[in-house]
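Any value given below was found using the heavy atoms of this structure, including those in side chains, with hydrogens, waters and symmetry copies removed.
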Amino acid sequence: QVQLVESGGGLVQAGGSLRPSCAASGRTFSSYAMGWFRQAPGKEREFVAAISWSGSSTTYKNAVKGRFTISRDNAKNTVYLQMNSLNPEDTAIYYCAAKRGPYGSTYVRDYDYWGQGTQVTVSS
């Protein structure tokens, strides 16, 4: 069992930055690939970024490439999402998720555990 708790969301102006983090319980964090997803009001949950269990491989949604960076610290059981050059279209609840195995996925259905989400609001 893995419990995930996100923090670090908030309100920021367009062009600004935020760095949500996700803390995982348990001693097997390094056995899971991790992902970040987001869900805007009235829309389906969508993939944002994923990182392999070692941290050596990352994948991004095209719209965030070059602006967002996913990273992890296995010693701290934590995954991060550095978000730069934010725009109002990035406004959503951001969720972290854990997937058994070495590599992440872009599909919601492939993840085994989810956090409760953290709100990110970007004003214009």
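Atom CG of residue L11 and atom CD of residue Q119 lie 9.5 Å apart, to the nearest 0.5 angstrom. How far CD of E89 is from OG of S124: 9.0 Å, rounded to the nearest 0.5 Å. Taken from OG in S105 to CG in D110, the straight-line distance is 3.5 Å, to the nearest 0.5 Å. In this structure, the separation between CZ on R72 and OG1 on T58 is 12.0 Å, given to the nearest 0.5 Å. How far NZ of K61 is from CZ of R67: 10.0 Å, rounded to the nearest 0.5 Å. With values rounded to the nearest 0.5 angstrom, Y103 atom OH is found 12.5 Å from I51 atom CD1.
When every heavy atom of L4 is checked against every heavy atom of A24, the shortest pair comes out as CD2-CB, 3.6 Å. When all heavy atoms of L18 and V120 are compared, the pair lying nearest together is CD1-CG1, 3.8 Å. Closest approach of A50 to G104, counting heavy atoms only: CB-CA, 4.1 Å.
Using modelled atom types and a 3.5 Å distance limit, the side chains of T91 and T121 yield no donor-acceptor pair. Side-chain contact of D73 with T78: a donor-acceptor pair under 3.5 Å is absent, judged by distance alone.
For Q3, the CD atom counts as loosely surrounded, since its 6.0 Å shell holds 12 or fewer non-hydrogen atoms of other residues, nucleotides or ligands.
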For Y80 and S71, run side-chain contact (heavy atoms from CB on, under 4.5 Å): C-alpha distance rounded to whole Å, both residues' side-chain angles, the deciding distance at 0.1 Å, then the answer.
CA-CA 5 Å; Y80 307 94; S71 62; 3.6 Å; yes
Would E6 and Y95 satisfy side-chain contact (heavy atoms from CB on, under 4.5 Å), going step by step from the backbone distance to the final call?
CA-CA 7 Å; E6 300 97 334; Y95 299 89; 4.0 Å; yes
### Message
I'd like to know whether N74 forms a side-chain contact (heavy atoms from CB on, under 4.5 Å) with W53, so could you lay out the CA-CA distance, the side-chain angles of the two residues, the decisive distance to 0.1 Å, and finally the verdict.
### Response
CA-CA 8 Å; N74 286 346; W53 62 11; 5.8 Å; no
Verdict with supporting geometry, V108 and W114, side-chain contact (heavy atoms from CB on, under 4.5 Å):
CA-CA 10 Å; V108 170; W114 292 84; 3.6 Å; yes
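Side-chain contact between M83 and S17 is absent, with no heavy atoms from C-beta onward closer than 4.5 Å. Looking at L81 and F68, their side chains come closer than 4.5 Å, going by heavy atoms from C-beta outward. In this structure the side chain of E46 never reaches within 4.5 angstrom of the side chain of Q39, judged on heavy atoms. Side-chain atoms of Y32 and Y113, non-hydrogen and from C-beta on, do get closer than 4.5 Å to each other. Using a 4.5 Å heavy-atom cutoff, the side chains of N84 and Q82 are in contact.
With hydrophobic clusters built from ILVMFWY side chains whose heavy atoms lie under 4.5 angstrom apart, F47 does not share a cluster with Y94. I70 and I93 fall into different hydrophobic clusters, where Ile, Leu, Val, Met, Phe, Trp and Tyr residues are linked whenever their side-chain heavy atoms come under 4.5 Å apart, directly or through other members. Using a 4.5 Å cut-off between side-chain heavy atoms of Ile, Leu, Val, Met, Phe, Trp and Tyr, with links allowed through other members, V48 and V122 fall into the same hydrophobic cluster.
Using a 4.0 Å cut-off between charged side-chain N and carboxylate O, R100 and D112 make a salt bridge.
Ring geometry for F37 versus Y111: interplanar angle over 60°, hence perpendicular rather than tilted (30 to 60°).
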